[in-house]
4 protein chains.
Amino acid sequence: MATRNTGVRAQQADETRARILKAAIRVFSQDGYSGGRIEKISRLAKSNDRMIYYYFKSKEQLFIQVLEHTYEQFNLAEAKQRFELDCASTALTQLVAFVWDYYFKHPEFVSILNTENLHKARHSRKSANLSALSGQALGNLAPIIRAGQAQGRFREDIDLTHTYLMISSLCYFYLSNLHTLCAFLGQDLSAPQARERWLLYIQDQVLRGVAK
Amino acid sequence: MATRNTGVRAQQADETRARILKAAIRVFSQDGYSGGRIEKISRLAKSNDRMIYYYFKSKEQLFIQVLEHTYEQFNLAEAKQRFELDCASTALTQLVAFVWDYYFKHPEFVSILNTENLHKARHSRKSANLSALSGQALGNLAPIIRAGQAQGRFREDIDLTHTYLMISSLCYFYLSNLHTLCAFLGQDLSAPQARERWLLYIQDQVLRGVAK
Amino acid sequence: MATRNTGVRAQQADETRARILKAAIRVFSQDGYSGGRIEKISRLAKSNDRMIYYYFKSKEQLFIQVLEHTYEQFNLAEAKQRFELDCASTALTQLVAFVWDYYFKHPEFVSILNTENLHKARHSRKSANLSALSGQALGNLAPIIRAGQAQGRFREDIDLTHTYLMISSLCYFYLSNLHTLCAFLGQDLSAPQARERWLLYIQDQVLRGVAK
Amino acid sequence: MATRNTGVRAQQADETRARILKAAIRVFSQDGYSGGRIEKISRLAKSNDRMIYYYFKSKEQLFIQVLEHTYEQFNLAEAKQRFELDCASTALTQLVAFVWDYYFKHPEFVSILNTENLHKARHSRKSANLSALSGQALGNLAPIIRAGQAQGRFREDIDLTHTYLMISSLCYFYLSNLHTLCAFLGQDLSAPQARERWLLYIQDQVLRGVAK
DNA sequence: AATGAATGAGGGTTCATTCAT
DNA sequence: TATGAATGAACCCTCATTCAT
């Protein structure tokens with residue numbers, strides 16, 4: 001992704017490319033893949049349609065790059081995290097907070113994953129880079145669980161993947177389905193207090209789930 | 001939905017309408033709202049484009065009816081459930097199983113909700129009927145929690161909505177994000193055994209969450 | 001056109017037919033032939049599309065009937081006129097006033113004629129009745145001119161058709177092109193005073209045109 | 001309309017645009033606004049549907065441009081006229097001939113104005129340019145009338161607008177309503193001799209109208 | 001590197017009309 | 001007499017994409 005071009009024009013090109021990608025993320029996350037218009041993207045990027053084909057070849061390729069970028073950013077953010085393992089419970093709580101925060105601050109991540117799932121991960125499978133990206137998903141969680149077990153606080157029979165999925169579920173669903181939930185439950189789940197209460201709740205639930 | 005028509009012709013009309021609605025559910029759940037083609041729907045319904053406008057006025061109105069139908073069916077299924085409250089834990093376990101089962105057997109429910117959330121519940125807000133449908137979402141859960149508390153098995157400080165959301169999250173996310181999760185985790189979460197293990201796991205987690 | 005049916009149902013049928021015709025006149029005169037929608041007509045007639053085909057066979061046939069009716073009404077109104085020939089000038093003035101008044105009170109007459117001219121009188125030529133209707137157009141004018149000549153007030157070399165066309169032109173154009181004229185000239189020709197002044201003016205002009 | 005483009009490609013583009021406009025004038029004047037088909041226009045222009053939207057945004061905008069062009073051309077032709085004011089009567093006769101000629105040679109002008117009046121000048125009102133165009137309509141007539149009055153040949157109480165409208169009426173109506181008039185009067189008004197006689201007649205009438 | 005011009009396929013929708021009762 | 005159901009063609013318009021500079 002990072003280009004090693006040094007000339008001024010090459011830098012301009014990189015900037016144009018980056019603007020398009022950023023616009024594409026926004027548009028696809030707002031309107032989905034089918035609903036995302038090339039023209040809307042190019043307008044938002046203050047470029048023109050033709051440039052999109054110049055840099056990305058096709059709408060599909062652009063979306064794949066969006067996907068890759070989206071995953072990459074999440075991985076990057078995850079990799080940056082450092083958890084104090086002295087107290088595994090605290091670490092786990094922090095991990096939950098991190099995931100929750102990331103989803104909240106990156107609604108495009110949630111939305112684009114939804115879109116990709118609508119298409120049964122069709123685009124993900126077409127990406128060479130994506131398979132390389134994955135696999136480290138459990139990287140942060142594993143040491144925490146192990147620490148907790150070593151400290152005698154967490155149960156021995158903990159399934160890592162299940163725990164990971166539980167955390168994801170509890171963070172993702174609330175934000176992903178916010179709009180229909182509000183309509184359905186007649187409650188304003190988007191209010192800051194409601195969100196804070198939910199975070200406290202799921203942190204507690206996750207802890208209970210692993211506790212002895 | 002309920003029609004008072006008696007003539008043969010009127011009945012055929014109802015059937016045509018129903019075929020279109022059914023086809024629309026399928027197409028919208030497969031391709032989303034923007035991606036869902038009128039022509040594909042009419043072909044699948046063995047009707048023609050014009051009839052869709054005859055019965056539903058527009059693509060958007062059709063989608064709204066699809067939404068209403070989708071919610072309605074879920075409500076109906078929920079309302080049918082009867083839980084033995086003698087053992088609240090068992091009842092809760094059964095409730096989780098029901099939700100899980102429903103989502104699993106009705107992928108269109110999950111998909112259409114995702115699509116609707118992509119559009120920030122825009123269509124739901126345009127529906128007069130939808131607001132009437134909601135509100136009973138917690139109807140099944142509440143008595144179970146109360147029973148468990150009466151039996152001294154569940155904690156007193158249980159938030160009903162939170163518990164409801166937890167159950168939904170754990171059932172929904174797994175199925176909704178199956179494809180990207182498989183790609184990301186490198187595991188086949190769609191295998192029957194994997195699904196069964198997940199159900200057992202979340203039943204356990206929900207119980208831990210409410211237990212004293 | 002007038003039907004001699006006597007039964008109650010037959011009368012109802014006549015009424016439906018008449019309502020459709022009336023609605024068609026209004027719609028065609030507002031929207032033209034191409035722009036005139038069958039559905040709009042049937043709605044305005046408080047009937048339904050099917051009835052239009054029942055009574056009129058096709059949109060084109062309906063328009064032809066509208067044309068026939070429109071001409072017929074004008075002929076009828078013309079035939080009703082009686083002019084005192086004692087003073088030919090007064091009679092001519094009254095004739096101009098009649099034509100002006102009729103056009104003004106029957107904008108649909110003007111509009112439908114315009115529409116028919118757009119189509120190069122295609123529909124008129126398809127009508128068997130229309131040719132029968134015409135021919136008496138000059139019936140009112142001729143005796144007046146003759147009287148004026150006999151009275152020594154009008155010139156001998158008056159072309160009847162030309163005079164008729166002049167009267168028509170001066171009445172028709174003002175009303176037919178009212179909207180663009182207002183926009184173009186920046187004057188409100190639709191104001192009652194403006195209309196009255198125009199009538200006085202053209203009456204004077206027509207008189208000057210035939211006077212010795 | 002005037003373009004400052006210099007490149008070969010840009011010039012070709014201008015030509016395409018011009019071809020579309022020309023085709024649109026023809027089609028709208030033949031079939032009216034509702035009846036005028038985009039496809040027919042693009043075919044006639046040897047272009048394709050898409051280009052119409054590329055250059056004109058919508059059918060309505062295209063029609064507005066057609067209107068503007070039509071008015072503009074007439075204004076241009078009017079502005080080019082130079083009348084010898086030495087003999088006001090001759091000048092007036094020439095003015096009538098000019099108007100008559102223009103309408104005759106530009107049936108699309110007549111037809112498009114009719115169409116626009118059918119729509120109550122709806123499109124004219126949407127045009128920013130059109131209001132600017134108007135206002136000089138009486139520019140040619142005024143000096144002639146003044147000259148005639150100075151020469152003691154024309155009356156003093158002449159209403160400029162009325163005279164203008166009279167000339168327009170007499171030229172316009174004959175041509176605009178040619179087809180129904182032929183059908184109605186049973187005369188061939190489109191024959192060259194008939195047209196020539198009409199021109200002589202209306203020149204005479206206009207003169208009589210202003211003469212002392 | 002960047003961009004106007006051009007395109008064909010297909011999008012949702014509406015049309016006049018006919019079928020069947 | 002009257003009317004809902006059904007239809008195919010066509011309408012305006014938009015889409016992602018390519019051409020040519």
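Just so you know, these numbers use all the heavy atoms, side chains as well, and skip hydrogens, waters and symmetry mates. Chain letters run A, B, ... following the sequence lines, proteins first and then strands; every chain starts at 1.
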### Pairing partner (Watson-Crick or G-U wobble, both distances under 3.5 angstrom) of dA1(E)
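When the pairing criteria are applied, nothing turns out to pair with dA1(E), so the answer is none.
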### Query
Now, which nucleotide makes the Watson-Crick or G-U wobble pair with dG10(E), with each of the two distances under 3.5 Å?
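Partner of dG10(E): dC13(F).
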### Query
Would you call the rings of His123(B) and Tyr33(B) parallel, tilted or perpendicular, where under 30° means parallel and over 60° means perpendicular?
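His123(B) vs Tyr33(B) ring planes: tilted.
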Whole-Å distance separating the [atom1] atom of [X] from the [atom2] atom of [N]:
X        : N       : atom1 : atom2 : value
Met51(B) : dT13(E) : CE    : C1'   : 15 Å
Gln11(D) : dA5(E)  : CD    : P     : 13 Å
Lys46(C) : dT1(F)  : NZ    : P     : 22 Å
Ile52(C) : dA2(F)  : CD1   : P     : 13 Å
Arg43(B) : dG8(F)  : CZ    : C1'   : 16 Å
Leu62(D) : dC11(F) : CG    : P     : 16 Å
Asn48(B) : dC15(E) : CG    : C1'   : 13 Å
Ile20(C) : dA2(F)  : CD1   : P     : 9 Å

### Query
Using a cut-off of less than 4.0 Å, is there contact between a side-chain N or O of Thr16(B) and OP1 or OP2 of dA6(F)?
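Yes, Thr16(B) has a side-chain N/O under 4.0 Å of OP1/OP2 on dA6(F).
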### Message
Does dA2(F) have its OP1 or OP2 closer than 4.0 Å to a side-chain nitrogen or oxygen of Tyr54(C)?
### Response
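For dA2(F), OP1/OP2 do not have a side-chain N/O of Tyr54(C) under 4.0 Å.
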### Message
Using 0.5 Å steps for rounding, measure from the OH atom of Tyr54(A) to the CZ atom of Arg17(A).
### Response
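Tyr54(A) atom OH to Arg17(A) atom CZ measures 12.0 Å (nearest 0.5 Å).
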### Message
Please report the interatomic distance CD1(Ile20(B)) to CE(Met51(B)), rounded to the nearest 0.5 Å.
### Response
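Here the interatomic distance stands at 6.0 Å.
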### Query
Will you find, in the side chains of Glu116(A) and Ser124(A), an N or O donor that is under 3.5 Å from an N or O acceptor?
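Looking only at side-chain atoms, Ser124(A) and Glu116(A) do form a donor-acceptor pair, the distance falling under 3.5 Å.
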### Closest nucleotide among dA6(E), dA5(F), dT3(F) to the Ala13(D) side chain
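Nearest to the side chain of Ala13(D) among the choices is dA6(E).
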### Task
Indicate for each nucleotide in nucleotides 16-21 of chain F, in 5' to 3' sequence, whether protein heavy atoms under 4.0 Å reach the base (B), only the sugar-phosphate (S), or nothing (-).
SBBBB-
### Message
Going by side-chain contact (heavy atoms from CB on, under 4.5 Å), Glu39(C) matches just one of Val27(C), Leu44(C), Asn48(C), Asp49(C). Which one?
### Response
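The side-chain contact (heavy atoms from CB on, under 4.5 Å) with Glu39(C) is passed solely by Asp49(C) among Val27(C), Leu44(C), Asn48(C), Asp49(C).
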### Message
For Arg50(A), give me all partners under salt bridge (Lys or Arg N to Asp or Glu O under 4.0 Å), at least two apart in sequence or on another chain.
### Response
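Salt bridge (Lys or Arg N to Asp or Glu O under 4.0 Å) list for Arg50(A), sorted by chain: empty.
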### Task
Could you tell me whether Tyr55(B) contacts a base, only the sugar-phosphate backbone, or nothing, with contacts defined as non-hydrogen atoms closer than 4.0 Å?
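Sugar-phosphate, no base atom in range.
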### Message
Checking Gln65(D) against Glu60(D) for the side-chain contact (heavy atoms from CB on, under 4.5 Å) test, could you report, in this order, the C-alpha distance in whole Å, the side-chain angles of both residues, the deciding distance, and whether it holds?
### Response
CA-CA 9 Å; Gln65(D) 297 249 17; Glu60(D) 189 170 28; over 6 Å; no
